[in-house]
Amino acid sequence: YTGQEIVARTEHRGQVKRRASLLRVRTDKHLGVSAGQTVLADGNKIGTVGCGAGHVLSAVCNPVPDGSNLTLDDGRDLVQLD
């Protein structure tokens with residue numbers, strides 16, 4: 001059935017593997033963010049940008065460990081808003 005895997009994972013492990021995250025780019029330059037860009041935590045891929053407007057973007061990511069250095073694949077630093 002549609003969604004069966006996520007329901008089973010939530011019931012048996014108690015956590016969802018990926019979720020939507022709201023992030024902000026830390027920069028003074030106004031450079032757009034493109035859908036499909038990679039989100040990195042300490043150099044490891046944790047997610048993908050879904051959409052962005054100005055300095056704020058939405059991405060589908062694995063849980064982010066506390067204290068991780070978040071960046072986009074082009075090197076710009078990120079801050080998690082949620």
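Model, not experiment: these values are computed from the prediction. Throughout, residue positions are numbered sequentially from 1 according to the sequence presented. Both backbone and side-chain heavy atoms feed into the values below; hydrogens, waters and symmetry mates do not.
Summarising the geometry, atom CG belonging to L40 is positioned 9.5 Å from atom CG belonging to D74; distances are rounded to the nearest 0.5 Å.
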Scan the side chains in residues 56-71 for donor-acceptor partners under 3.5 Å anywhere in the protein, sequence neighbours excluded, and list what turns up.
residue, atom, partner, partner atom, Å
S68, OG, P65, O, 2.8

| Can you check side chain to side chain contact (heavy atoms under 4.5 Å, CB included) on V25 and L78, steps first, answer last? | CA-CA 5 Å; V25 178; L78 298 171; 3.8 Å; yes
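Taking all atoms of both residues into account, the shortest heavy-atom contact from Q80 to L23 is CA-CD2, 3.6 Å.
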